[in-house]
Amino acid sequence: MSQYWLMKSEPDAFSIDDLKQQGPSPWDGVRNYQARNFMKEMKIDDLVFFYHSSCKPAGIAGIAKVTRNAYPDHTSWDPNSAYYDPKSTKESPRWFMVDIELVEKFPVLIPLSSLKQDPELTDMALLKKGSRLSVMPILESHWQHILQSTRSA
DNA sequence: GCCAACGTTGGC
DNA sequence: GCCAACGTTGGC
């Protein structure tokens, strides 16, 4: 069964336009266990809200889909990478990534402020105080509600 | 295993 | 730039 997710990226580092240009792209650099575990649960064709963080305005920029199941994040083995982790080895990789590609960029980004105002979405992990998770599951009901809101806007 | 110190995230 | 919240590290 297909699942729904949200992934955060700082657009200065990797934006939805970058994803569009590059086609299927590895989601490297995740160094948080909870986020990693969620990526391991992802399956090809799962849909992902592409979220722009640390920018104005922050919010959901569009939709991507998973094109490759989790596999070891090779940047963790590269001493020259900002994501290098000496505790991750090829024999026992600690960090994983998936590939995603763009499905759709929204004509207008759905700002975080709108999501916060929506009483249907108060349970979303994204909106919880202090939530910093960069990869998280989205309930299908929330997914549909958000899509419906932006389609009719 | 506890917990203080530190580093990071990310909205504002 | 500020700072609250969170995760990780490392001494004990």
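Below, chain A is the first sequence line, B the second, and so on; all start at residue 1.
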Calculate the interatomic distance between Arg132(A) atom CZ and dT8(B) atom C1'; express it in whole Å. 6 Å

Looking only at dG7(C), dA5(C), dG11(B), the nucleotide nearest the Lys129(A) side chain is dA5(C)

For the pair Phe38(A) and Trp5(A), name the ring-plane relationship: parallel under 30°, tilted 30 to 60°, perpendicular over 60°. tilted

Is Lys128(A) touching bases, backbone alone, or none of the nucleic acid, heavy atoms closer than 4.0 Å? nothing

Among dG11(B), dG7(C), dA5(C), which is the nearest nucleotide to the side chain of Asn32(A)? dG7(C)

When rounded to whole Å, the OH to P distance for the pair Tyr33(A) and dT8(C) reads 7 Å

Give the rounded distance in Å between these two atoms: CD of Glu10(A) and P of dC12(B). 15 Å

Look at all strands and tell whether Lys8(A) reaches a base, only sugar-phosphate, or nothing, counting heavy atoms closer than 4.0 Å. sugar-phosphate

d(CD1, Ile60(A); P, dG10(B)) in whole Å: 14 Å

Near Lys8(A) NZ, under 6.0 Å, is it more than 12 heavy atoms from other residues, nucleotides or ligands? yes

Separation of dT9(B) C1' from Gln34(A) CD (nearest whole Å): 14 Å

Side chain to side chain donor-acceptor pair (under 3.5 Å) between Thr75(A) and Asp73(A), intermediate numbers included: CA-CA 5 Å; Thr75(A) 65; Asp73(A) 181 345; 2.5 Å; yes

Between dG11(B), dA4(C), dG7(C), which nucleotide has the shortest distance from any of its atoms to the side chain of Leu112(A)? dG11(B)

Separation of dG10(B) P from Met136(A) CE (nearest whole Å): 8 Å

Going hydrophobic residue to hydrophobic residue with side-chain gaps under 4.5 angstrom, can you get from Ile60(A) over to Val48(A)? yes

Rounded distance (Å) that lies between atom P of dT8(C) and atom CZ of Arg31(A): 13 Å

To the nearest Å, how far apart are Gln117(A) CD and dG11(B) C1'? 15 Å

Looking only at side-chain atoms of Ser53(A), point me to the closest of dG7(C), dG10(B), dA4(C). dG10(B)

Trp95(A) and its ring pair (Phe, Tyr, Trp, His ring centres under 6.0 Å) partner, picked from Tyr83(A), Tyr33(A), Trp77(A): Tyr33(A)

